[in-house]
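Only a predicted model underlies this, so the values are computations on that prediction, with no experimental measurement involved.
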Amino acid sequence: MVLKNLTNPIKPLHKPTSSSSQSFAMALSSQPFIFPGTQSIVLPDPSAFFAPHLLSNPLPTNSFFQNFVLKNGDQPEFIHPYIVKSSLSSLTLCYPSQFHNPAFIYQTFIADLTIRALNNPNPNAPHVISSFDDLSVTLDLPSSNLRFFLVKGSPFITFSVSGNVAISISTIHAILQCSPNGNRTKYTIKLNNEQTWVLYASSPIDLSNDVSSITSGVFSGIIRIACLPNSDQTSEAVLDRFSSCYPTSGNAVFKQPFCVEYKWEKKGWGDVLMLAHPLHLQLLSAADSSVTVLEGFKYNSIDGELVGVVGDSWILKSDPVSVTWHSIKGVKEEACLEIIDSLNKDVAALDSKGISTTSSYFFGKLIARAARLALIAEEVCHLDVIPAIHKFLKDTVEPWLEGTFQANGFFYESKWGGIVTKQGALDSGADFGFGVYNDHHFHIGHFLYAIAVLAKIDPIWGRKYKPQAYALMADFMNLSRRSNSKYARLRCFDLWKLHSWAGGLTEFADGRNQESTSEAVNAYYSAALMGLAYGDTHLVAIGSTLSALEIHSAQTWWHVKEGSTLYGEEFTKNNRVVGVLWSNKRDSGLWFAPPEWKECRLGIQVLPILPITELLFSDVQFVKQLVEWTLPALAREGVGEGWKGFVYTLEAIYDKVGALNKTRSLTGFDDGNSLSNLLWWIHSRDDEVGKSDRGSNAMLCDMIAGYNAELTLHPKTQFLFPEGKSLVLPEPSDYFSSQLVSTPLPTNSFFQNFVLKNGDQPEYIQPYLIRSANSSISISYPSQNISSDFIEQIFRPDLTISASKNPKPNQRHVISSYSDLSVTLDLPSSNLRFFLVRGSPYLTFAVNGNTSISISTVDPIRKLSCDSSFTKYTIRLRNRQTWILYASAPIHLTDNISTIKSGGFSGVIRIALLADSDSQFEKILDKCSLTYPVSGSAILGSFALKYKWDVKGAGKLLMLAHPLHLRLLSKADASVTVLEDVKYSSMDGELVGVIGDTWDLEAESIPVSWHSIKGLNKKSIPEIIRALGNDVKTLNASNISATSSYFYGKLVARAARLALIAEEVSYPQITPVVVQFLKDMIEPWLNGTFGANGFFYDKKWGGLVTKHGLNDTTGDFGFGIYNDHHFHLGYYIYGISVLTRFDPAWGKQYKSQAYSLVEDYTNLGPKENQHYTRLRCFDLWKLHSWAAGLTEFPFGRNQESTSEAINAYYSAALMGSAYGDADLVSVGSTLAAFEIQSAQTWWHVKGDNEIYAPRFVKNNKVVGILWSRKRDSILWFAPAERKDIRLGIQVLPILPITEVVFSDVDYVKELVKWALTSVPKNSTEEGWKGFVYALEAMYKQKQALNKVRDLSSHDDGNSLSNLLWWIHSRK
């Protein structure tokens, strides 16, 4: 047997080809752009402190340990809960007290304990940073043989001593006591400052002391030192308990939007004890983290009380924030004329040649200001000014990206690994220290905002300058830890404090600092917007997440609310906002203004004014306190008009009229602001604001009364379409237990046959077919019937399990629970409960009530044998199958030729087929038989999925993985082991054994772009424009005869494609016509005025149905019985997304209805929307969708069109992009990525396919209908011979994402060559030809183009414009 850990490569199940989206992503990504290199004359030398092996990689420039690598490296750093200083081959610890006054607070550094080696031959040797990560730094004193593991939040300072070294611990205090425990592994050190420190050693150590120092004998091992936070003995007991387990490093992982997971590497035994600051505690997810909070165990700190948390992994979850281009709540219509008048003046004043500043900061603010004008113009539908703004932005941004801005520019320096400016490379003070890595996120954030807007309004420009844009973003947003990365990981963001630092490579006694939280928020928000512009789901997710965390931090540590106890009474009474926040200090002054200039303090926490400002200042009560604290300062002589504008901005949140009048009187504005922007902000305020306030701990998007529903990404009270009473739906209470029928129920699940009609059709629960009938369960290890036209699994009841004496043998089974990966099926009259867990090689069931069971078979029993314990039986059948039965307690079985019976039994029984006669195979089944899963859940991340099984028993869990699982299993996850020789056969490919109760699956990211991924050939644009003009002329909503939700949806999406193509070729003249057509088409379905059909809500199963489907199971292709929901709704969501993109006000108006549609099939659970089932169509085990709904089929669920399924999730991601919903972008793009992988694995039949039998592979290049236990070459509407239609149904609709689905050009050639043989020679069914030619264009562009030009008609969801767009975007 071969046991293989996943840290080694898995044997590929298919020959590697370019078909995977991984290969597609690699093909698209060339070497990243690097700005021209430069040699800075002002940067310090990192080799003075970093270990040589670290110097070849980018190095941190704003880290929590930065002082340790600057100048002499002897300035202290605050590594919670201690201030730590390294000097002269010693390390000094301080558990700091605080100094308070009205102007500032700081932590006082006193050398409480200083640790060094005795007899150090080189006492002046500098320390060495030997490693670092997100949450820790390892500091070595080489001449002392001491290594310190400085892990943020550890109540212990931990260090290793090597080479039999004697150590010294000195103090500036007097030592009152140094007493050991009985085995000399713990010492209690009491000082005359009332501190008590506890020292723990990994082996006995001898310590002696005088009045101010402690010395040891020679020692090798681990020492941990902790200050007792108080004299309470319970605190010492806590430290004792957790002293044996120590963290050596810690990392933060972004698995999904608005979620950060901390993972610590630990050594020793037991659990790890860490400390959490107030924001950690606020965000710590009790539901997801296996942690225990010790509320009585606390340390003091300037950041608030640090509370003990036990657990080596934390999950922090922020509420989502909306990253939108436009105002969250919308501009009042009556205000638009005033804004437009201001826009005209502000745009007329734009003059790129008149810009005198050369500073990267002030220049960035100017271009971001202009970009705001473009977005405001979009929102108020004043598009006439956008060309002038567009030109200004191009004229100002391009020189910085091309290197032609002579006075300054961006350069790459390799010493630390990052971008510097021309001026900053020569002068550490230039560009506010940008050349020494100060304020990078501030400066670049303004540039990114302008680039994002320019890429939005001019996609061709955006594509041209994408490499430079990403280089700028990566300078402060790089997540990579790879050695070939060009930039430090998250240069400015502190993943422990959860906000940014701006100090750069300047030594400060109080550590790093940050002044403007709002500019930090802007940086990550702008990166997210850039992600939206480029269809980069990862960038949207990370930018949004960091924005949310930065907002939380600002509200926690910068915003000082009346009555807050965080900073003490004196400071709180005198301040409403911190000026500069240092690691070790809180200051009321600014870098550029004294504390009395309160308007500057307020303004620097507000600018720039953006839609996300809404969330940063969501606590209206605090806003009022802040403004009232600031207003008296405006009476001071010389107050700048620009700063007044920011005060009035916040005042408008609660006094719109007063702030508006003041704003109209302003005579000047900040260089990053404008009258247009202020008017936009004020006119998007509510006229009245409620008085209640929920404070900063409330959801960021959950505002005060009357204010919240507008800001939540998913409306607080979900919209429901009118209730419809269906006459055709089955009754769920026939099979679901009573506690389940009150909740939305699955309608396309892997066990759907169990709840339809008699519930007696089998379902494929890998690796077995399972059938429930007559209070029994039959299990089949299926063989296959193979032909050139289909493959099907044959159900044969190999074993049938029931109770021997059942008083109600015809009683139905009951579904008592279900989850993503399992269903629990009860036979109440038999006292049997079956845990049907997908991928388990065992069938597991519980027997209650001392029941006698019967196991019958259609094949004669050759032999029944047991082991000496009577807990394992081997069942050999005449069909050469061998089954093994395991019992949790001794069970006595007897058999005749076809039946096995037991005596009375209570306990758990597991039955598994011995799929291989190898004795090692049986040993593995034996070994893993004691651990069984009762359920399994799937947790969706960003292009990631985690399986977690709820297990019982002892030992390791054995499951089976299908081919796609094996391809996606994370190579970095060492918690699972692949057993390559444990294999079961399956229609889906070999199922391979995997040991582990959690799996991490990772899909390569895919682009979710509005426009073509590769860009258009410029010479083709006139032809596309001509086609657009003709196609748009045919749009007439009043002439639409279709009433089917499917065909109507296709028409909507077809028109929406025209708008996006027009945008890409810069032909906006037709956009108003398309927008009006989309409104005329979509609104009747959303507002219920489409008399011929419409959406209704069905309470029985919990989901949408149509008017046609209420009375007819075939109406709308079975939509009324939950067939094809994602296909139909995907088209509507596409149309809604595009319409929202072009008309944000319309999008706001219909947002509730839009979310009701999309959540019908993308809802993740009751926390998101309690009215819909979880992921109605998507199978989280198979990793693709099903479309069959509530129809019983002998072969289980099925799906025909993978491309329409992909469209559904891709469109959901686009809708998230349109609404600034990073969660929806992530969910939609992740499901689309998995659907693509599945299509390429099971639908696309390549010549070298190893999953399907050669006979089927030879005759088919694509599956027609894929069933749970059948592969068919026919379609629902066409015979197998119509290969062109089979191709077409896997292609439509043609979208940018089609590029990824068909990324394997070799396979495309095979497919097209195969399909062309069935293309009709005449002009009938021209629509299907178009899809064949679309794929042909991927390798024969000219030939395909000529064929497309000759087409006389097109599919009702396609158009000549779309086909030309596709062909001309081939490269």
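Of the possible polar contacts, one joining the Glu413 side chain to the Lys415 backbone as a donor-acceptor pair under 3.5 Å is found. At least one donor-acceptor pair closer than 3.5 Å links the side chain of Trp557 to the backbone N or O of Asp303. In terms of modelled atom types and a separation under 3.5 Å, the side chain of Arg512 and the main chain of Gly504 share a donor-acceptor contact. Remark: the backbone N or O of Ala174 is paired with a side-chain donor or acceptor of Asn192 at under 3.5 angstrom. Although no hydrogens or angles enter the test, the distance criterion places no donor-acceptor pair under 3.5 Å between the side chain of Asn300 and the main chain of Gly304. Not one N or O on the side chain of His100 forms a donor-acceptor pair closer than 3.5 Å with the backbone of Tyr106. Arg489 contributes a side-chain N or O that, together with a main-chain N or O of Leu479, makes up a donor-acceptor pair within less than 3.5 Å.
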Only pairs under 3.5 Å count here: list side-chain donor-acceptor contacts from residues 153-161, not counting sequence neighbours, and write none if there are none.
| residue | atom | partner | partner atom | Å |
| --- | --- | --- | --- | --- |
| Ser154 | OG | Phe156 | N | 3.2 |
| Ser154 | OG | Phe156 | O | 2.9 |
| Thr158 | OG1 | Arg224 | NE | 2.8 |
| Thr158 | OG1 | Arg224 | NH2 | 3.4 |

### Task
Give the intermediate values and the outcome of side-chain contact (heavy atoms from CB on, under 4.5 Å) for residues Leu239 and Leu228.
CA-CA 8 Å; Leu239 289 173; Leu228 271 182; 3.7 Å; yes
### Task
Report the C-alpha separation of Lys956 and Thr931 in whole Å, then their side-chain angles, then the decisive distance to 0.1 Å, and conclude whether the side-chain contact (heavy atoms from CB on, under 4.5 Å) test is met.
CA-CA 6 Å; Lys956 295 182 177 180; Thr931 305; 5.6 Å; no
### Task
Determine, stepwise, if the pair Lys255 / Glu1002 fulfils salt bridge (Lys or Arg N to Asp or Glu O under 4.0 Å).
CA-CA 10 Å; Lys255 282 291 182 74; Glu1002 295 179 350; 5.3 Å; no
### Task
Quick one: do Tyr187 and Tyr200 satisfy ring pair (Phe, Tyr, Trp, His ring centres under 6.0 Å)? Show the steps, please.
CA-CA 7 Å; Tyr187 283 79; Tyr200 302 90; over 10 Å; no
### Task
Starting from the C-alpha separation in whole Å, work towards a yes-or-no answer on side-chain contact (heavy atoms from CB on, under 4.5 Å) for Asp271 and Cys245.
CA-CA 6 Å; Asp271 295 320; Cys245 181; 5.8 Å; no
#### Entry: Step-by-step side-chain hydrogen bond (donor to acceptor under 3.5 Å, both in side chains) determination, Asn584 to Gln107
CA-CA 6 Å; Asn584 212 26; Gln107 294 186 135; 2.5 Å; yes
### Task
Check the pair Asp112, Gln195 against side-chain contact (heavy atoms from CB on, under 4.5 Å), reporting the backbone distance first and the verdict last.
CA-CA 9 Å; Asp112 291 326; Gln195 285 183 350; 3.2 Å; yes
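Inter-residue side-chain proximity for Asn209 and Thr215 is flagged as unmet; no heavy-atom pair is nearer than 4.5 Å. The shortest side-chain heavy-atom distance between Val272 and Val310 does not fall under the 4.5 Å cut-off. Between Pro229 and Lys298 the shortest side-chain heavy-atom distance does not fall below 4.5 Å. For the pair Pro247/Met274, a side-chain contact is recorded, criterion being any heavy-atom separation below 4.5 Å from C-beta on. Residues Val976 and Ile995 fail the side-chain proximity criterion, which asks for heavy atoms closer than 4.5 Å. Under the 4.5 Å side-chain criterion, counting only non-hydrogen atoms from C-beta, Phe297 is in contact with Leu275. The side-chain heavy atoms of Leu43 and Tyr437, taken from C-beta on, include a pair separated by under 4.5 Å. In this structure the side chain of Trp416 reaches within 4.5 angstrom of the side chain of Phe50, judged on heavy atoms.
Under a cutoff of 6.0 Å and an axis angle of 45°, Lys263 and Trp314 do not form a cation-pi pair.
Counted by atom type alone, Thr61 and Arg491 present one or more donor-acceptor pairs between their side chains at under 3.5 Å. A donor-acceptor pair shorter than 3.5 Å cannot be found between the side chains of Asn124 and Asn122. A side-chain N or O of Asp475 and one of His440 form a donor-acceptor pair less than 3.5 Å apart. Under 3.5 Å, the side chains of His441 and Gln514 contain a donor-acceptor pair of N or O atoms. Ser213 and Ser170 are not linked by any side-chain donor-acceptor pair at a separation below 3.5 angstrom, with hydrogens and angles left out of the test. The closest side-chain donor-acceptor pair between Ser249 and Ser136, if any, does not fall under 3.5 angstrom.
Every residue meeting the salt bridge (charged side-chain N to carboxylate O under 4.0 Å, His left out) condition with Lys946, not counting sequence neighbours, appears here in chain and number order: Asp1000. Scanning for salt bridge (charged side-chain N to carboxylate O under 4.0 Å, His left out) contacts around Lys317 gives Asp288, with sequence neighbours left out. In terms of the side chain to side chain contact (heavy atoms under 4.5 Å, CB included) criterion, Ala48 has no residue partners (sequence neighbours excluded). Under the rule for a ring pair (Phe, Tyr, Trp, His ring centres under 6.0 Å), Phe242 has no partner lying at least two apart in sequence or in another chain. Residues satisfying the ring pair (Phe, Tyr, Trp, His ring centres under 6.0 Å) criterion with Trp949, sequence neighbours excluded, are Tyr947, Trp999.
Of the candidates Leu135, Asp494, Leu150, Phe64 forms a side-chain contact (heavy atoms from CB on, under 4.5 Å) with just one, namely Asp494.
Between Trp582 and Phe508, the ring planes lie perpendicular to each other; the angle is over 60°, past the 30° to 60° tilted range. Aromatic ring pairs are classed by plane angle as parallel below 30°, tilted from 30° to 60° and perpendicular above 60°; the pair His277 and His280 is parallel.
For the atom pair CG of Leu283 and OG of Ser553, the computed distance is 8.0 Å after rounding to the nearest 0.5 Å. The CG atom of Leu566 lies 9.5 Å from the CD atom of Glu305; values are rounded to the nearest 0.5 Å. Here Phe254 contributes atom CZ and Glu261 contributes atom CD; the two are 12.0 Å apart, rounded to the nearest 0.5 Å. Going from atom CG of Leu930 over to atom NZ of Lys952 covers 15.0 Å, rounded to the nearest 0.5 Å. The distance from atom OG1 of Thr114 to atom CD1 of Ile214, rounded to the nearest 0.5 Å, is 11.5 Å. Separating the OG atom in Ser480 from the CG atom in Asn57 is a distance of 9.5 Å, to the nearest 0.5 Å.
Classification of Asp74 and Lys85 as a salt-bridged pair fails, no side-chain N sitting under 4.0 Å from a carboxylate O. For Lys948 and Asp997, the salt-bridge test fails: no basic side-chain N is under 4.0 Å from an acidic carboxylate O. A salt bridge between Lys152 and Asp134 is absent, with no side-chain N of the basic residue lying under 4.0 Å from a carboxylate O of the acidic one.
Residues Phe78 and His80 place their aromatic rings such that the two centres sit under 6.0 Å apart. A centroid separation of 6.0 Å or more is found between the aromatic rings of Tyr487 and Phe476. Between Phe493 and His499, the ring center distance fails the sub-6.0 Å criterion.
Few gaps surround CD on Gln177; more than 12 heavy atoms of other groups in view lie less than 6.0 Å from it.
Between Ser162 and Ser220 the shortest heavy-atom distance is C-OG, 4.0 Å.
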